[in-house]
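Right, one structure below, let's go through it.
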Amino acid sequence: MSTMKISVQRPRLYIETYGCQMNIADSEVVAGILRQQGYDLTHELEKADLVLINTCSVRDNAEQRIWGRLDYFRAIKRKKRFLLVGVIGCMAERLGEELAAHEAVDIVAGPDSYRDLPLLLDRARSGAKGINVDLNDIETYSGINPERIDEKTISGFVSIMRGCNNFCTYCIVPYTRGRERSRDPQDIIHEMEHMAANGFYEITLLGQNVNSYSWKNGLQTIAFPQLLEMLAQEFPQLRLRFTTSHPKDISNDLLHVIARYPNVCKHIHLPVQSGSNIVLERMNRKYTREYYLERVAAIRSIIPDCSLTTDLFCGFCGETEEDFQQTLSLMEEVKFDAAYMFKYSERSGTYAAKKLRDDVPENIKIERLNRMIALQNKISKALNQVEIGKTFEVLVEGHSKKSKNDVVGRTSQNKVVVFPDKGFSSGQLVLVKIIKATSATLIGEATV
Ligand code: SAH
Ligand code: SF4
Ligand code: F3S
């Protein structure tokens, strides 16, 4: 009788993540769920048995990129017939069946259906398509141990809330992510303890609107300032960051907590979107230019060394040259350290798509975006020049991509600093004196 040796290999998961940091955190939740199903992560596509693409719908170009990726996977699947491909995240939620109709796609799972992935996989293995895009008002993935995907990083993400209730008229997120819900503080602490014990030195707390975090504990309500204070005390060895803050909820209470704790980074990302009151109202942002400027003044008086970044977009429905000038003048007035800048992209299903006219011609959108970017580059560069000669505490992240002789890290203000390696290790805090600056990077020398 002959014997046959059968080696049983655990199946491998390859996961690609697009979109915002919340998707990075979600991919880790998904990897954690599938680990329990026997899947090991791989960073090599050729070795994968299952590919998951975690997608973003915020602008049309984000979705176009995914359709391109799916065509690529269709070609791969013709050679690798056993390969399963799933689309997860916001685009899965928005397009559901339309995505499932693509030849490459076996599974479609929205942001609240990841616990269902094992079942969807079973269905896919039996040759059917597995789809679940149900939203759910309570899912926070409590009890799941996220699996870290980028093993080298010392800086990680923890979701503290999910969803969004703000319904800015241009935005798809409330439809793809569902209603706002906060996570149990004990669950958050538990996850952070695990990360602190596993090589993380910096954690960014995530939510579409972190400062509307709210957890009811009997009669007591824990809001974001209390949560942040609790975490700052509990984890003095970790640098804490958070994003995104909505201007309507950036309270003085929160600013005082940021000022009080040295381990809470002195950086606030505060998307303003536009400098024109008419446009802000049309966007349903719930604040005015004057209110925003007052909050910026409060930040600067309570936390003098705080950096400020923002999101802006031009070409929203009805935006005139005068409105746009208001955005430029707000940029000049605030002097953001950095900004993410976009041109309006209509998303079907939103209020704007239903009720407003996308009437700014594409060439004007592009021209305004270029003017906005040029102005911000000038401002960022000038602000970085001012840092020359100053010394910052930099958390080393690793070697610079451009040169093995340099390391790269960030200041508390979230500015990237490159400086010569003197045997530093990732996770080390180093005092660095700035000697040169561009619009995006500071170049320095360790003072030791
Ligand atoms: N929750 C965050 C950001 C969510 S999306 C906030 O409230 O600001 C990230 C950024 O994408 C937004 O701040 C906005 O600047 C941009 N954005 C959202 N929808 C967009 C659209 N339809 N077209 C262009 N930019 C958009
Ligand atoms: Fe979108 Fe507005 Fe919610 Fe941000 S706050 S995710 S821009 S709806
Ligand atoms: Fe994109 Fe969804 Fe994030 S639409 S920006 S991945 S919440």
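Sequence positions, counted from 1, serve as the residue numbers for this chain. Reckoned from all heavy atoms, side chains included, excluding hydrogens, waters and symmetry mates. We count ligands from 1, going down the list as the structure has it; atoms in each ligand are counted the same way.
With ring centers used as reference points, Tyr351 lies 6.0 Å or more from Phe167. Remark: aromatic rings of Phe242 and Phe224 are close, center separation under 6.0 Å. For Tyr340 and His269, the ring centers are positioned less than 6.0 Å apart. For Phe200 and His194, the ring centers sit 6.0 Å or farther from each other.
Atoms of ligand 1 found under 4.0 Å from any heavy atom of Pro271, numbered from 1 in the order shown, are 8 (O). Heavy-atom proximity to Arg347, at under 4.0 Å, picks out these atoms of ligand 1: 22 (N). The contact set between ligand 1 and Val58, taken as ligand atoms under 4.0 Å from a residue heavy atom, comprises 5 (S), 18 (C), 19 (N), 20 (C), 21 (C), 22 (N). Ligand-side atoms of ligand 1 in range of Asp311: 9 (C), 10 (C), 12 (C), 13 (O), 15 (O), range being under 4.0 angstrom from any heavy atom. Atoms of ligand 1 found under 4.0 Å from any heavy atom of Tyr170, numbered from 1 in the order shown, are 18 (C), 19 (N), 20 (C), 22 (N). Set against the non-hydrogen atoms of Gln208, the atoms of ligand 2 under 4.0 Å away are 6 (S).
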Q: Show the numbers, then the answer: is there a side chain to side chain contact (heavy atoms under 4.5 Å, CB included) between Asp49 and Leu84?
A: CA-CA 6 Å; Asp49 302 283; Leu84 294 177; over 6 Å; no
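Arg289 places a side-chain N or O within donor-acceptor distance of the main-chain N or O of Gln326, the cut-off being under 3.5 Å. In this structure a side-chain-to-backbone donor-acceptor pair under 3.5 Å is missing from Lys248 to Arg285. Formation of a donor-acceptor pair under 3.5 Å by the Ser27 side chain with backbone atoms of Asn23 is found in this model. Arg241 places a side-chain N or O within donor-acceptor distance of the main-chain N or O of Ser412, the cut-off being under 3.5 Å.
Ligand 2 lies within reach of Arg285, whose nearest heavy atom is under 4.0 Å from it. Between Gln21 and ligand 3 there is no heavy-atom distance shorter than 4.0 Å.
If you check which protein heavy atom lies closest to atom 3 (Fe) of ligand 2, you get Cys164 SG, 2.3 Å. Regarding atom 7 (S) of ligand 2, its nearest protein heavy-atom neighbour is Tyr170 OH, 3.3 Å. The nearest protein atom to atom 23 (N) of ligand 1, hydrogens excluded, is given as Ser345 N, 3.0 Å; this is a heavy-atom distance. Here the protein heavy atom with the shortest distance to atom 7 (S) of ligand 3 is Gln208 NE2, 3.0 Å. Closest to atom 5 (S) of ligand 2, if we only count protein heavy atoms, is Asn166 ND2, 3.3 Å. From the protein, the heavy atom lying nearest to atom 15 (O) of ligand 1 is Gln273 OE1, 2.6 Å. Protein heavy atom at the shortest distance from atom 24 (C) of ligand 1 is Lys343 O, 3.4 Å. Protein heavy atom nearest atom 3 (C) of ligand 1, with residue, atom name and distance: Gln208 OE1, 3.8 Å. Here the heavy atom of the protein found nearest to atom 1 (Fe) of ligand 2 is Cys171 SG, 2.3 Å.
For Arg285, every heavy-atom contact with ligand 1 shorter than 4.0 Å involves the side chain, none the backbone. At a heavy-atom cutoff of 4.0 Å, ligand 2 is contacted by the backbone of Phe167 but not by its side chain. With a 4.0 Å cut-off on non-hydrogen atoms, Glu346 does not touch ligand 1 at all. Only the side chain of Arg59 comes within 4.0 Å of ligand 1, judged by heavy-atom distances. With a 4.0 Å heavy-atom cut-off, ligand 1 is reached by the side chain of Phe313 but not by its N, CA, C or O. In Tyr344, the parts holding a heavy atom less than 4.0 Å from any atom of ligand 1 are both the side chain and the backbone. Only the side chain of Pro174 comes within 4.0 Å of ligand 2, counting heavy atoms alone; its backbone N, CA, C and O stay farther away.
Contact check for Gln273 versus Thr310: no side-chain heavy atoms found under the 4.5 Å cut-off.
For Thr244, no nitrogen or oxygen atom sits less than 3.5 Å from a nitrogen or oxygen atom of ligand 1, counting backbone and side chain alike. Inclusion of Asn209 in the set of residues having an N or O under 3.5 Å from an N or O of ligand 1 is not warranted. Residue His246 has no N or O atom closer than 3.5 Å to an N or O atom of ligand 1.
Counting only protein N, O or S atoms, 1 lie closer than 2.8 Å to atom 2 (Fe) of ligand 3.
Taking OG of Ser274 as the start and CG of Asp311 as the end, the distance is 13.0 Å to the nearest 0.5 Å. To the nearest 0.5 Å, the span separating OG on Ser276 from CZ on Phe324 amounts to 12.0 Å.
Counting heavy-atom neighbours within 6.0 Å of Ile278 CD1, excluding the residue itself, gives a total of 12 or less. No more than 12 heavy atoms of other residues, nucleotides or ligands lie within 6.0 Å of CD in Glu322, so this atom counts as exposed by the packing criterion.
Contact check on Lys343 versus Glu362 returns a salt bridge, with a Lys/Arg side-chain nitrogen under 4.0 Å from an Asp/Glu carboxylate oxygen. Using a 4.0 Å cut-off between a side-chain N of Lys or Arg and a carboxylate O of Asp or Glu, Arg12 and Glu44 do not qualify as a salt bridge.
Tested against Asp106, the residues Lys77, Lys129, Arg125 include a single salt bridge (Lys or Arg N to Asp or Glu O under 4.0 Å) partner, Lys77.
Distances from atom 2 (Fe) of ligand 2 show that Cys168 has an N/O/S atom below 2.8 Å.
At a cut-off of 3.5 Å, with distance as the only test, no side-chain donor of Ser212 or Asp249 sits close to an acceptor on the other residue.
Both the sub-6.0 Å distance and the 45° axial angle are satisfied by Arg59 relative to the ring of Phe342. Stacking of Arg410 on the aromatic ring of Phe392 is not recorded, the 6.0 Å distance cut-off and the 45° axial limit not both being met.
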